[in-house]
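Down below is the structure, laid out as structure tokens.
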Amino acid sequence: MSNYLDATEDVYRKAALTPDVGLCCTTTPVWQLPQLSIPKIMLEMNYGCGSTVHPRDLVNNPTILYVGIGGGMEVLQFAYFSRKENGVIGVDIVDEMIEACQNNLVLAEKENDWFKKEFVSVRKGSALALPIEDSSIDVAAQNCLFNIFTKHDLELALKEMYRVLKPHGRLVLSDPVTENPMPESLKNDDRLRALCLSGSLPLAEYLKMITDAGFGTVEVRAKRPYRILDPGHYDTAENIFLESVEVCAIKDPMPADGPCIFTGKTAIYYGNEQYFDDHKGHTLMQNQPLSVCDKTAQAIKNLGRKDIFVSESTYFYDGGGCC
Ligand SMILES: C[S@@+](CC[C@H](N)C(=O)[O-])C[C@H]1O[C@@H](n2cnc3c(N)ncnc32)[C@H](O)[C@@H]1O
């Protein structure tokens, strides 16, 4: 095993034994849902950088896989929606984290009438070789783990998620990304990587790794400011701005002309007809917004029409649209 994976286990072993409130951070509000009480220690052990729990993904009694369980807060939130024995399978490589999560789930059972700890089954295993059968999962999630991996290991981890998902299953991810160059000295700092600070990729590269794993549809649901690595505290000549993204990758077949990636672009036809039809499956009603994937946005722009507006990416896409 390479050093950075050892360093990662070490960081999270300590974070399991002593909650570290500042370890990761999220500006995504913690879900407040009827009859959901999240034990204080789970909040203190919120080591994610966004949210991977989206009620819209969680219809039809899904079986959920959560990789890198941390203190169990999101595992509990997923169980809120699945509410069946073994409905949520948690996987983690650190024994101490598994034990902490299981203890926290016992507390959660005391605080929540609807919750039984049997709703969650926790297995020891690695994101790089999941102890899960092929095509058995409806919704898989990871929060702030995959950014730690080198590109080689990220490729493996995404392949594993793709393997275990059912056709049309969803992989929900939350990770830091950055558009600034990351100095090699920071990239190769095992501890900074483990702390989710120096493994970040530019968003387009991160999305390409996801689509290269085979996911035919990808939604960028949110992008928020996350951290600054500045020359006063880190080995960098310039500030490095990290953002945290929330992405959903769907195991849809890959379209012949490439993946559909939704980044929040919208097309609006404002001509004189009732609608505009591109004869490729997209009908723009007069002055009605239509969310379009980036591929379609570009194709519409290429038409060069003066009566169609195509917005920039908002990085806030959560449903509807063209493909
Ligand atoms: C940054 S924490 C995120 C925890 C949780 N997802 C959250 O949002 O609070 C990373 C988690 O991944 C686990 N982990 C680290 N390396 C792993 C690996 N190779 N496979 C599976 N889990 C791993 C750690 O023990 C820890 O629970």
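Indexing begins at 1, ligand by ligand and atom by atom, following the structure's order.
Contact between Asn46 and ligand 1 is present, with at least one heavy atom of the residue lying under 4.0 Å from the ligand. Using a non-hydrogen distance threshold of 4.0 Å, Cys49 does not register as a contact of ligand 1.
Close approach of ligand 1 to Cys144 (heavy-atom distance below 4.0 Å) involves ligand atoms 1 (C). Applying the 4.0 Å criterion to heavy atoms of Met45 picks out, from ligand 1, the atoms 9 (O). For ligand 1, the atoms closer than 4.0 angstrom to any heavy atom of Ala127 are 18 (C), 20 (N), 21 (C). Close contacts between ligand 1 and Gly48 involve ligand atoms 7 (C), 8 (O), 9 (O) [criterion: under 4.0 Å to a heavy atom]. Numbered from 1 in the order shown, with element, the atoms of ligand 1 that lie under 4.0 Å from a heavy atom of Val94 read 25 (O).
Centroid-to-centroid, the aromatic rings of Phe309 and Tyr270 stay 6.0 Å apart or farther.
Between the side chain of Ser198 and the main chain of Arg193, a donor-acceptor pair closer than 3.5 Å is present. Within the 3.5 Å criterion, the main-chain N or O of Thr217 finds no donor-acceptor partner in the side chain of Asp252.
When heavy-atom distances to ligand 1 are checked against a 4.0 Å cut-off, Thr8 comes that close only through its side chain, counted from C-beta outward. Of the heavy atoms in Leu145, only side-chain atoms (C-beta onward) come closer than 4.0 Å to ligand 1.
Side-chain contact between Leu5 and Phe149 is present, with heavy atoms from C-beta onward closer than 4.5 Å.
No side-chain donor-acceptor contact under 3.5 Å links Glu118 and Asn86.
Cation-pi contact between Lys251 and Tyr162: present, with separation from the ring centre below 6.0 Å and deviation from the ring axis of at most 45°.
At least one N or O atom of Tyr47 sits closer than 3.5 Å to an N or O atom of ligand 1.
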